[in-house]
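Notes for the one structure printed next.
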Amino acid sequence: MAESKTTDPAATEAGEEKDWTATKAFFDSLKTNQPRPPKPQYAVTIAVSSRSLFNMVAEGKIYKEDGVEKYVAYQQEHDNEPLMPGVAFPLVEALMNVNAGLRRLYPDSDELFDIVLMTNNHAQVGVRLINSINHYDLTIERFCMTGGESPIGYLKAYMTNLYLSKDGEQVIEAIEEGIAAATTFASGDVENQLSDTQLKVAFDGDAVLFSESAIIVKQHSLDTFFEHETEFENKPRAQGPVKCFLEALGMLQRKFYAKNERMTCPIRTYLVTSRSAASSGVRVLKTLRSWGLEIDEALFLAGAPKGPLLQKIQPHIFFDDQMFHIEGAKELGTIAAHVPYGIGQKYHKGIFTEQPAKDTT
């Protein structure tokens, strides 16, 4: 029997560092105008599904009605026909614009956004996807095409900070694996003019940035919730499933601040919550402070609808755990992302259900 060998973690890390340095040196020696992807462990990695990045409704219909073989054949026949932009396309463009600013200030830094195309498409479809990405001049170098299998098992290997998909079940899988994730929804008939100079990201509070407090409201009363928040205003809330993405945005914002570009920073963040400032605002703001995080604008609506305010902000993406708010945002032209997390998923139109209500849009 061969003698088993133990692995020295320090030696392994040193070897990986050496391999990366050699690979980077090789690519740097090649003449190209395309920016090279950042080192994964320092980057903010956003994994985006092909159906979120591109509009593949027609292709999806072929898949459902005619099967996988005809779907793949259709994609191959249209290799050179670029796919139309999808719901996450403006967000990816905004991420690329932020990267351009960071590279200007920090030419050698790996602290950038790194976009990974994460899809259960077959590799044969990859040609059309790559051609579409090149057509729109997007910097997406890392792909994961799983040939019909769920890509969720690869998210940690790709060091994913945020996963965006149109498949709600896969999003739930990702959150259960401890990865920030959301289901993307296209805006309605209203078209908002998104900023092409500033990435705007809006977050709900409960069950998105913060641990869930809605359970107190659902199981007790709103007055009990007010009393609870006042009593524990100096105790930070536990983090929610998308807090890590706000943290990553904050890290990149501070790189602009360090170069005296706070006022022209191409990242702007918003807290848009139905809570009342008087009842829970202090604890929310103190929690952010305890995390060492800033939010550019904090908007407490005290039960008012979020849609009109989001229409004013015009974010590239808005995260919320309640489909009621997602629908309201969509109707007024906001690109929304549902975070299927917390007890709120067991309530549909105020009625408790054992399973989350299925989205039929």
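One-based numbering along the sequence shown.
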Item checked: Inter-residue atom distance H338.NE2 - F318.CZ, 0.5 Å rounding -> 10.5 Å
Item checked: Minimum heavy-atom distance L310-A329, with the two atoms named -> CD1-CB, 3.7 Å
Item checked: Interatomic distance, E69 atom CD to Q124 atom CD [nearest 0.5 angstrom] -> 8.5 Å
Next item on the list: Could you check if a side-chain atom of L95 sits within less than 4.5 angstrom of a side-chain atom of I115, using non-hydrogen atoms only?
Entry: yes
Next item on the list: Please report the closest heavy-atom contact between A181 and I175, naming both atoms and the distance.
Entry: O-CD1, 3.7 Å
Notebook entry, point to check: According to a 4.5 Å side-chain heavy-atom criterion applied to Ile, Leu, Val, Met, Phe, Trp and Tyr, with indirect links allowed, do V57 and M84 form part of one hydrophobic cluster?
Noted result: no
Notebook entry, point to check: Quick check: does any side chain N or O of H316 sit under 3.5 Å from a backbone N or O of S195, one acting as donor and the other as acceptor?
Noted result: yes
Next item on the list: Measure the shortest side-chain to side-chain distance between Y270 and P315 over non-hydrogen atoms and say whether it is less than 4.5 angstrom.
Entry: no
Note to self: Please determine whether residues V242 and V87 belong to a single hydrophobic cluster, defined as Ile, Leu, Val, Met, Phe, Trp and Tyr linked transitively by side-chain heavy-atom distances below 4.5 Å.
What the structure shows: no
Check: Would the number of heavy atoms belonging to other residues, nucleotides or ligands and lying under 6.0 Å from CZ of R103 be above 12?
Finding: yes
Notebook entry, point to check: Taking C-beta and beyond as the side chain, do K255 and E111 meet within less than 4.5 Å on heavy atoms?
Noted result: yes
Item checked: Interatomic distance, I130 atom CD1 to I133 atom CD1 [nearest 0.5 angstrom] -> 7.0 Å
With a cut-off of 3.5 Å and sequence neighbours excluded, list every side-chain donor-acceptor pair involving residues 290-297.
{"residue": "S290", "atom": "OG", "partner": "T287", "partner atom": "O", "Å": "2.7"}
{"residue": "E294", "atom": "OE1", "partner": "R262", "partner atom": "NH1", "Å": "3.3"}
{"residue": "D296", "atom": "OD2", "partner": "Q253", "partner atom": "NE2", "Å": "2.9"}
{"residue": "D296", "atom": "OD2", "partner": "T269", "partner atom": "N", "Å": "2.8"}
{"residue": "D296", "atom": "OD2", "partner": "T269", "partner atom": "OG1", "Å": "3.3"}
{"residue": "E297", "atom": "OE2", "partner": "R268", "partner atom": "NE", "Å": "3.0"}
{"residue": "E297", "atom": "OE2", "partner": "R268", "partner atom": "NH2", "Å": "3.1"}

Next item on the list: Start with the C-alpha distance between K330 and T334, add both sets of side-chain angles, then the distance that settles side chain to side chain contact (heavy atoms under 4.5 Å, CB included), and finish with yes or no.
Entry: CA-CA 5 Å; K330 285 168 51 184; T334 295; over 6 Å; no
Checklist line | Distance in Å, F256 CZ paired with Y106 OH, rounded so as to fall on 0.5 Å steps | finding: 8.0 Å
Margin query: Tell me whether Y154 at atom OH has more than 12 heavy atoms from other residues, nucleotides or ligands lying less than 6.0 Å away.
Written below: no
Notebook entry, point to check: Between E261 and R104, is there a side-chain N and carboxylate O pair less than 4.0 Å apart?
Noted result: yes
Margin query: Strictly below 4.0 Å, N to O, side chains only: are R128 and E59 in salt-bridge contact?
Written below: yes
Next item on the list: Using a 4.5 Å cut-off on heavy atoms from C-beta on, say whether the side chain of N131 contacts that of P82.
Entry: no
Notebook entry, point to check: With the 4.5 Å side-chain cut-off for hydrophobic clustering, are L332 and F185 part of the same group?
Noted result: no
Check: Can you tell me how far the CG atom of L138 sits from the CG atom of L117, to the nearest 0.5 Å?
Finding: 10.0 Å
Next item on the list: May I ask you to decide if L112's main-chain N or O and Y42's side chain share a donor-acceptor pair within less than 3.5 Å?
Entry: no
Checklist line | Qualifying side-chain hydrogen bond (donor to acceptor under 3.5 Å, both in side chains) pairs with a residue from residues 175-187, counting only residues at least two apart or across chains | finding: S52-T184
Check: Would Y136 and F89 satisfy ring pair (Phe, Tyr, Trp, His ring centres under 6.0 Å), going step by step from the backbone distance to the final call?
Finding: CA-CA 10 Å; Y136 294 109; F89 191 93; 4.9 Å; yes
Checklist line | Closest non-hydrogen atom pair, V272 against A202 | finding: CG2-CB, 4.2 Å
Next item on the list: Kindly indicate, with the supporting measurements, whether the criterion side chain to side chain contact (heavy atoms under 4.5 Å, CB included) is fulfilled by Y163 and Q170.
Entry: CA-CA 10 Å; Y163 173 56; Q170 289 187 359; 3.0 Å; yes
Next item on the list: Might you confirm whether atom CZ of F143 has over 12 heavy atoms from other residues, nucleotides or ligands at distances under 6.0 Å?
Entry: yes
Notebook entry, point to check: For I152, does its backbone N or O pair with a side-chain atom of E173 as donor and acceptor, under 3.5 Å?
Noted result: no
Checklist line | Lys/Arg N to Asp/Glu carboxylate O, K306 vs D204, below 4.0 Å | finding: yes
Check: Would you say I317 and I140 are hydrophobically clustered, going by side-chain heavy atoms of ILVMFWY under 4.5 Å?
Finding: yes
Checklist line | Side chain to side chain, V201 and F245, heavy atoms closer than 4.5 Å | finding: yes
Notebook entry, point to check: Mind checking whether R51 and D167 have side chains closer than 4.5 Å, heavy atoms only?
Noted result: yes
Next item on the list: With side chain to side chain donor-acceptor pair (under 3.5 Å) as the test, would you mind laying out the steps for N121 and Y63 before giving the verdict?
Entry: CA-CA 11 Å; N121 261 295; Y63 179 86; over 6 Å; no
Check: If Ile, Leu, Val, Met, Phe, Trp and Tyr residues are connected whenever their side-chain heavy atoms lie under 4.5 Å apart, and connections chain through other members, are L105 and L102 in the same group?
Finding: yes
Item checked: Heavy-atom side-chain contact between T119 and V125 under 4.5 Å -> no
Next item on the list: Would you mind checking if K39 and D114 are paired as a salt bridge, meaning a charged N to carboxylate O distance below 4.0 Å?
Entry: no
Item checked: Straight-line distance of S49 OG to M56 CE, nearest 0.5 Å -> 9.0 Å
Notebook entry, point to check: Is NZ or CZ of K243 both nearer than 6.0 Å to the six-membered ring centre of F203 and within 45° of the ring axis?
Noted result: no
Item checked: Worked verdict on L209 versus L271 for side chain to side chain contact (heavy atoms under 4.5 Å, CB included) -> CA-CA 9 Å; L209 289 182; L271 171 66; 4.1 Å; yes
Check: Using a distance-only test with no angle check, is there a side-chain donor-acceptor pair under 3.5 angstrom linking D206 and Y341?
Finding: no
Item checked: Pair F210-Q239, side chain to side chain contact (heavy atoms under 4.5 Å, CB included): steps then yes or no -> CA-CA 5 Å; F210 310 111; Q239 69 181 39; over 6 Å; no
Next item on the list: Return the minimal non-hydrogen interatomic distance between G126 and M145, and the atom names on each side.
Entry: CA-SD, 3.5 Å
Next item on the list: List the atom of N161, the atom of A180, and the distance in Å for their closest heavy-atom pair.
Entry: O-CB, 3.4 Å
Item checked: Donor-acceptor contact present, side-chain T160 to main-chain L162, <3.5 Å -> no
Item checked: Validation row: R142, T45 side chains within 4.5 angstrom (heavy atoms) -> yes
Note to self: For V171 versus A182, what's the shortest heavy-atom pair and its separation?
What the structure shows: CG2-O, 3.4 Å
